[in-house]
Amino acid sequence: MPVALWVHLPTSGQMPVTTAIQTPTVTNQAQLPQVAEPRNPGMELDLDWVRRVQANTSAIERRAASLPGRRSVKKEYQAAWLLRAITCIDLTTLAGDDTAGRVRRLCAKAANPVRRDILDALGIDRITTGAVCVYHDMIETAVRALNGTGIPVAAVSTGFPAGLSPLHLRIEEIRESVKAGAEEIDIVISRRHVLTGNWQALYDETKAMREACGEAHMKAILATGELGSLRNVARASYVAMMGGSDFIKTSTGKESVNATLPVTLVMIRAIRDFHARTGYRIGYKPAGGISKAKDAITYLAMMKDELGDRWLQPDLFRFGASSLLSDIERQLEHHVTGRYSALHRHAMG
Amino acid sequence: MTIKEIFETMDYGPAPEDAGEAMAWLDSHDRKFGHFIGGAYTRPGKGFDSRNPATTEVLARVTQGTRKDVDTAVAAARKVQPKWAALPGHERAKVLYALARLLQKHSRLFAVLESLDNGKPIRESRDIDIPLAQRHFYYHAGMAQLQDSELPDREALGVCGQIIPWNFPLLMLAWKIAPAIAIGNTCVLKPAEYTSLTALLFGRICQEAGVPHGVVNIVTGDGATGQAIVDHPDINKIAFTGSTPVGRAIRKATAGTGKSLTLELGGKSPYIVFDDADIDSAIEGLVDAIWFNQGQVCCAGSRLLVQEGIAEDFYRRLKRRMDGLRLGDPLDKAIDIGAVVDPVQLTTITEMVAGSGGDVYHADTPLPAQGCYYRPTLITGLSTADRLMQEEIFGPVLVGMTFRTPAEAVELANNTRFGLAATVWTENVNLALDIAPKLVAGVVWVNATNLFDAAAGFGGVRESGFGREGGWEGLQAYTKPRRKSKAVAKLAAVPEPTNPKVDGLDRTAKLYIGGKQARPDGNYSRAVWSQKGHLLGHAGLANRKDIRNAVEAAHAAKAWSKTTAHLRAQILYYIGENLSARADEFASRIQDLSGANAKAAANEVAIAINRLFTYAAWADKYDSAAKPVPLRGVALAMNEPVGVIGAFCTDEAPLLGLISAMAPAIAMGNRCVLVASEPFPLAATDFYQVLETSDVPAGVVNILTGDHADLAPQLAGHMGVDAVWSFSATNLSATIEREAAGNLKRTWVNHGKSRDWSGADGEGRDFLAAATEIKTIWVPYGE
């Protein structure tokens with residue numbers, strides 16, 4: 001694997017960049033980046049930076065509320081954006097009644113997310129979802145089912161969703177999942193560290209988990225619905241990135257409030273700031289509650305406007321979603337036929 | 001591009017709003033419009049083209065309103081006004097409600113037409129202008145409903161001439177027409193010549209809503225038509241929104257005519273960012289501040305003040321955000337910035353920026369090939385002395401500089417002739433609530449910007465104009481007290497008797513300036529004689545330098561405006577107490593001066609003491625309000641002192657007249673320069689001894705004696721005076737209103753009409769309202 005030539009360009013912010021430049025790794029998935037992106041090695045915990053972070057809820061809500069009215073994509077642009085959204089979906093099943101059969105069906109859908117005739121009409125050869133996301137016990141099944149598709153398997157880990165099992169077991173769970181073939185690990189943070197302002201503990205835990213991930217990419221689930229305030233969401237985002245997360249992710253999907261646009265704005269602004277100061281691009285994954293094609297477009301527009309086009313690729317953006325795909329399929333068929341579609345016309349996942 | 005290509009580029013692509021309905025409406029009028037007078041469209045006359053600034057395409061031809069057209073419109077408005085005002089409030093409420101509903105039902109047509117005509121992005125007209133216009137009619141439908149019970153002592157002014165700008169055509173129409181007609185006035189409104197179309201469409205809505213013919217009249221045209229409205233003798237009130245120079249001209253033109261006037265003028269509003277702010281949100285706020293409506297917003301946060309320590313990072317992030325703004329076809333739904341209203345305006349902006357120093361940054365964003373577009377621009381490195389830091393650009397151009405401390409931020413923010421709006425960003429509630437009252441502005445937004453609502457007053461101080469739009473305070477400008485008054489009688493001083501009687505030791509009455517008794521600068525005095533020919537003493541003849549000194553002393557006493565209401569009340573009570581101790585002496589003086597009988601003179605002193613108690617009572621009871629705006633947060637309508645008030649006291653009641661002007665002014669935290677009764681000045685000069693013993697800080701009350709007609713232009717023309725009142729028997733109204741145009745100070749003059757000083761008309765809420773400015777402080781909250 002050739003090492004991409006990459007120059008570290010810290011910006012003129014007040015933050016000293018303490019991390020040594022590590023050898024960039026290049027992900028090797030078919031879905032994944034055309035552009036080589038160096039992995040975030042993490043950095044020392046900078047509490048000054050963390051504590052300086054502010055998030056004004058009202059202002060953030062206003063921006064989030066006005067964005068859908070500011071950005072609109074129509075016709076072929078809409079179709080293209082929806083196809084892009086599909087490639088960013090972590091097609092997910094995280095249910096107690098998951099079985100091998102259920103997971104194989106999901107994997108098949110991930111590899112063929114849109115009906116062939118619709119893709120043909122749109123002039124697209126092949127797309128797949130960004131990943132398939134399952135519990136640990138389903139990893140092997142999924143890996144086998146996806147063999148040859150280039151679609152990575154993501155596993156939720158670390159005592160998902162509450163993250164309250166013993167730390168050594170959570171770390172071990174990551175190792176087991178990586179060993180089982182997961183290329184992406186969605187860890188959950190300890191909300192109590194955020195709620196008590198124990199940033200050091202959160203940092204140490206994240207760092208340990210990142211170490212356990214090894215080559216697998218780590219998505220840190222902040223469970224934003226349980227963090228109490230947007231300021232906490234912002235601060236937790238920074239600590240998770242300092243701890244070496246490759247992605248930060250909103251929710252397990254099991255909290256009462258999951259991904260929202262205000263939370264998204266806070267997290268991606270943290271990503272932008274982190275990039276401006278360290279040069280590392282961190283990915284973002286909203287999860288839970290995004291089920292409409294229109295919502296997916298709004299999320300993409302927010303990524304585009306706040307972070308830039310680079311973050312519209314699946315190596316830096318994912319939707320954690322289970323029912324979003326079926327709505328997008330209907331919209332795509334509508335684009336092709338000019339007539340509203342129906343659920344049963346598309347293969348279920 | 002193919003879908004496959006877009007899949008890679010992820011461009012937005014065009015998202016056009018259909019203009020078909022709006023064009024069809026224009027076609028239905030043959031693209032030629034007359035005025036809307038007496039409930040019907042008149043035949044199109046000579047006029048001008050109304051163009052779409054994004055394409056320069058002609059949308060329609062609009063008629064240039066002549067003096068005759070204005071006459072016809074005013075006659076129609078006059079004819080129906082008494083009947084309209086006599087309707088029960090509920091009947092007018094029904095009409096306003098219908099207007100609100102119809103605006104809602106035709107909202108997209110209005111939005112599209114507005115964007116076509118003005119060039120603003122369809123998102124703004126659709127999501128901001130039109131909904132706010134609807135809200136204004138809903139809100140004021142409620143005002144009409146409540147008028148009979150809540151405003152029994154006030155009545156409509158009559159016919160209102162209203163002149164509005166092109167930046168928010170329909171919204172400004174709503175701000176003007178809704179409160180006016182709600183309360184029983186009728187209107188002749190002139191839209192700006194660039195943007196007449198939605199006003200003309202509003203005419204149709206009036207027909208559908210059953211607005212009685214003549215209640216709403218729309219006359220189109222340019223400044224000459226506006227002039228005809230301003231000059232019209234049968235108009236009772238002028239409401240103008242637009243530039244400060246034009247506002248100033250209108251102030252002069254209407255001086256002394258008795259026309260009521262409100263002006264909403266320009267600004268150079270500060271946008272202050274402290275180092276503990278949510279920086280990204282503050283930057284997004286700037287998008288809503290200066291890149292809203294292409295920066296063509298009177299209250300635009302156009303003067304960025306950022307704390308020095310974060311400035312570099314702030315500017316870097318801001319430039320990045322600017323690069324993401326999308327310019328283009330106003331009818332595109334994914335456009336942030338549309339077209340500047342007219343090539344003339346574009347040239348002005350271009351030239352102003354070209355002539356500027358500093359670091360000029362134009363956003364790195366594509367510009368449409370044709371049409372009136374200007375890139376979002378940031379200019380940093382300017383100082384307060386630079387022209388662009390002082391003058392309104394009225395375009396998408398932000399100028400920025402840094403500050404070190406909160407005190408310096410306030411100083412810089414207030415270092416302007418304007419005073420429309422201000423924005424403060426900080427996460428520290430102590431800082432925010434400390435700074436907001438210190439900013440000289442009619443509206444302050446905390447951690448937000450450009451929030452508007454019908455329930456919250458909007459308007460400026462200083463040269464940003466006067467009067468409020470919205471809320472109960474907005475109705476003040478469209479009503480007058482129900483009060484009978486007659487012409488004020490001129491009282492002559494007692495002439496020098498042929499056989500002067502001089503007794504006792506010579507007493508020297510002086511001026512009272514800055515807590516000191518001061519000899520008049522000119523060293524001229526006038527003898528004051530009793531009705532029986534006794535020499536009572538001499539009163540100094542103050543001149544312009546005495547006014548200068550008094551105003552300076554009043555400015556130096558600015559701490560008075562920060563004292564607690566309780567303390568002000570205590571001092572007013574104490575003045576009353578000390579006056580009471582010398583009641584007999586003052587009664588005797590009044591008898592000598594005015595020839596009042598003993599009972600009447602004693603009564604004047606008693607009422608004066610009573611009046612001091614009234615305002616001592618009001619000092620801590622003239623409550624500010626929290627407005628129920630549609631937002632999680634609060635809009636505080638804070639009563640603030642006007643500042644330095646100059647007052648020509650009534651001639652007739654030498655003591656009571658002085659106190660009736662002084663007490664409300666100082667109760668509300670103002671400092672004042674009082675010009676005593678011209679014929680009977682010595683009660684006022686005796687009174688400064690009472691002030692001296694009553695703990696009144698030096699400079700809070702300054703008393704001058706002299707010739708009203710000589711002093712009026714000096715006091716009204718002084719740029720450091722914030723308001724001038726006249727209750728003088730000399731008719732100073734025209735002089736004061738004309739001279740006040742200089743710094744657009746507030747005026748409250750009697751237009752030669754009397755007032756019963758001993759009764760209810762001599763005190764109360766009218767005085768309190770004149771002694772205060774309402775500042776609306778918006779504080780959204782939420783964690």
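The analysis underlying the following values was restricted to heavy atoms, covering all of them including side chains, and did not include hydrogens, waters or symmetry mates. Below, read A as the first sequence line, B as the second, and so on, with proteins coming before strands; counting in each chain starts at 1.
- Heavy atoms of Tyr781(B) lying under 4.5 Å from chain A belong exclusively to its backbone.
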- Can you list the steps and then say if Asp280(B) with Arg63(A) is a salt bridge (charged side-chain N to carboxylate O under 4.0 Å, His left out)? CA-CA 10 Å; Asp280(B) 286 317; Arg63(A) 164 69 170 151; over 6 Å; no

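- Heavy atoms closer than 4.5 Å to chain A are found nowhere in Ile279(B), neither backbone nor side chain.
- Closest heavy-atom contact between Asp11(B) and Tyr77(A): O-CD2, 3.4 Å.
- Only the backbone of Ala277(B) comes within contact range of chain A, with at least one heavy atom under 4.5 Å from a heavy atom of that chain.
- Of all heavy-atom pairs between Thr57(A) and Gly782(B), the closest is CB-O, 3.3 Å.
- At distances below 3.5 Å, at least one donor-acceptor pair connects side-chain atoms of Arg320(B) with backbone N or O atoms of Glu306(A).
- Look at Asp273(A) and Arg317(B) and you find a salt bridge, because one of the NZ, NE, NH1 or NH2 atoms lies within 4.0 Å of a carboxylate O, short of that distance.
- Looking at Asp127(B), only its side chain comes within 4.5 Å of chain A, counting heavy atoms on both sides.
- Contact record, Pro14(B) with Lys74(A): O-CB, 4.0 Å, taken as the closest heavy-atom pair.
- A pairwise comparison of heavy atoms in Ser72(A) and Lys333(B) identifies CB-CB, 4.1 Å as the closest pair.
- Gln54(A) and Asp276(B) get closest at one heavy-atom pair: CG-O, 3.4 Å.
- Taking each heavy atom of Arg62(A) and Leu451(B) in turn, the nearest pair found is CD-CD2, 4.2 Å.
- Arg123(B) places no side-chain N or O within donor-acceptor distance of the main-chain N or O of Arg70(A), the cut-off being under 3.5 Å.
- For the set Gly324(B), Pro16(B), Ala334(B), Ala15(B), the entry with the most heavy-atom pairs within less than 4.5 Å of chain A is Ala334(B).
- In this structure, Arg126(B) contributes its side chain and Gly69(A) its backbone to a donor-acceptor pair below 3.5 Å.
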